[in-house]
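The block underneath contains the structure these notes are about, expressed in structure tokens.
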Amino acid sequence: MRMKHYVMIGLALSIFLYMGVSAVISRFPEYDDAYNASVAKNLGMGYGYASSFHTKILFPPEVSSGPSLIFPGALFIFLFGNQYWVPALTTFVISFGLFIFIVYLLYDYLSRESIVSPGAIGSMAFFALNILLLSIFWQPEIRSIEFIAEVPAALFFCAGVLVLFKPGLRNSDLFLGGLLLGLSVTAKMITLGMVLPVLLLWVISRLIRRANPNRLKPVFTKAVVVITGTILPGVLFELYKLTQTSWDYYVRLKQNEFDFFSRYGSGITQTANAVDLLGYIRTNAVINAKEIINTPHALIILILFAVVYLLALVFVARKINRKDSISELEWLSMGFLFSVVSIFLWWLGFNHIGWYRTISPAVMAASLGLIISMNTLIRKPISAALMVLLLLGMLFGPAQMIRHFTLPEAPVGLINATDNAVGYLEGLQEEGVELLGCRWWANRRLEYFMPGNQNFNECFMSSMEDAVLVIDRPFWNWGDTGEIKAIEAMCTEPVFEEFPYVIFRCNP
């Protein structure tokens with residue numbers, strides 16, 4: 001690789017690094033990320049892999065991110081304490097490391113395909129723009145980086161697919177590719193819907209290449225290595241659970257996990273109970289399509305993905321018709337197509353919640369698949385560079401590009417308010433006052449910032465004597481429920497207020 005290649009790659013990575021660090025400085029824990037962070041804090045401080053609202057619950061199914069994020073978060077909190085920037089820093093460090101690895105793998109693919117070569121005019125401009133396109137596509141998530149696992153899960157998946165489809169695979173590569181896919185699943189269960197299709201396609205690609213029955217045994221052996229790597233993170237986590245709990249607790253935990261998974265997000269319970277299955281799918285499709293339409297960057301990526309991949313499918317079909325061999329890059333491209341389309345169809349028709357966040361890993365995978373597919377279609381570096389530049393211009397105008405590079409600002413107001421609220425609550429605890437939260441409104445970020453564990457009790461299980469109700473305004477009673485209002489009516493004397501926190505003395 002020439003020096004100018006290193007300079008261009010270094011420049012692109014520096015831009016990605018700057019935007020990520022800016023996001024870490026600017027990000028303050030909010031709700032789901034604060035809940036994940038409190039579990040990581042508990043683990044890092046020796047309390048266990050547990051939530052700590054009202055009582056200690058080991059391995060709570062409601063934690064939205066898995067051990068691929070929680071364990072590194074616990075390590076960072078152990079090293080640096082429960083600072084506001086530690087959760088976002090954890091996510092960014094994982095993401096940036098995976099991003100560098102993906103860039104390396106992408107360069108290797110392009111080099112093998114003779115798209116990037118030392119003598120190719122404009123080749124590095126093309127490659128650098130590929131990297132920048134990748135960065136910019138991820139900016140909506142990176143710009144507001146949180147301690148949630150969607151971005152790391154997507155990157156684990158992308159890295160795993162890139163490893164699995166590269167030429168000249170050794171068993172160590174097969175295991176690594178499977179391991180990365182497994183880590184994506186243990187980061188976010190949703191990526192299982194991408195991992196299974198891509199593993200199936202990988203097996204199909206190997207069987208096609210070894211059509212002779214006498215040569216099928218090596219395919220089976222390699223598949224075992226890949227699957228071993230894929231299931232290893234999950235198996236190790238289950239063994240860890242067994243070491244921390246009793247067998248009876250573990251059995252109940254698995255039942256609770258399945259119940260939570262089937263009811264919230266997977267659509268299993270809703271699909272099974274649907275009287276009119278086609279009507280259920282149609283209703284979900286309308287609601288979820290609106291969610292994509294209201295998320296401009298995702299809509300643009302998916303439209304480009306559909307157009308480019310339609311052309312790529314025609315290109316591959318023509319090669320098959322002519323009985324030409326399909327290159328590693330083309331198999332890789334089809335891997336992303338198969339995985340993204342599979343999970344997107346599930347989300348569109350069967351996901352009853354309809355949050356964009358649920359499908360965001362697939363959108364991030366689609367962005368990388370789009371770049372790879374473009375490389376299979378456009379072989380002239382200058383033409384490809386112009387195409388990428390055109391896409392950048394379409395996606396992000398000058399005003400938005402400038403916004404990406406504004407100087408970061410620490411959330412000083414939130415930091416001060418949180419420090420003051422924590423200090424006041426510590427004083428109340430020393431006096432024996434009971435601190436209350438309510439169900440989903442359990443003061444998740446204050447639980448993360450408090451020095452100890454199990455700081456807040458459930459308001460519906462309290463006598464309300466010598467107690468205070470602690471409210472985090474942006475995350476309080478968003479459903480405007482009567483039960484919560486009834487609790488508020490018993491706690492009307494404000495004793496502390498500094499936005500976003502308000503503390504009320506209760507009088508039962």
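Only this structure's heavy atoms are used, side chains among them; waters, hydrogens and symmetry mates stay out. Keep in mind that what you see is a predicted model, and the values were worked out from it rather than measured. Counting from 1, the numbers follow the sequence of the chain as shown.
Gly182 and Pro233 get closest at one heavy-atom pair: C-CG, 3.8 Å. Closest of all the heavy-atom pairs between Ile25 and Tyr84 is O-OH, 2.8 Å. Contact detail for Leu164 and Leu169: the closest heavy-atom pair is O-CD1, 2.9 Å.
Donor-acceptor pairing under 3.5 Å is recorded for the side chains of Tyr250 and Glu238.
Checked against the 6.0 Å centroid threshold, Tyr49 and Phe237 count as a close aromatic pair. The ring of Phe53 has its center no closer than 6.0 angstrom to the ring center of Phe456. Between Phe336 and Tyr309, the distance separating the two ring centers is not shorter than 6.0 angstrom. Taking the six-membered ring where the residue is Trp, the centroids of Phe449 and Phe28 are separated by under 6.0 Å. If you look at Phe101 and Phe96, their ring centroids are not closer than 6.0 Å. Aromatic ring centroids of Phe76 and Trp85 lie 6.0 Å or more apart. In this structure, the ring of Trp478 has its center less than 6.0 angstrom from the ring center of Trp441.
The NZ atom of Lys290 lies 14.0 Å from the CD1 atom of Ile292; values are rounded to the nearest 0.5 Å. In this structure, CZ in Phe261 is found 10.0 Å from OG1 in Thr269, a value given to the nearest 0.5 Å. Note that CG of Leu162 and CG of Leu332 are 5.0 Å apart. Values are rounded to the nearest 0.5 Å. Here the CD1-CZ distance, from Ile300 to Phe305, works out to 16.0 Å after rounding to the nearest 0.5 Å. Of the inter-residue distances, the one linking Lys241 atom NZ with Thr243 atom OG1 reads 11.5 Å to the nearest 0.5 angstrom.
Salt bridge annotation for Arg27-Asp33: present, with a cationic side-chain nitrogen under 4.0 angstrom from a carboxylate oxygen.
Using the six-membered ring where Trp is involved, Phe260 and Tyr264 have ring planes that are tilted, between 30° and 60° apart.
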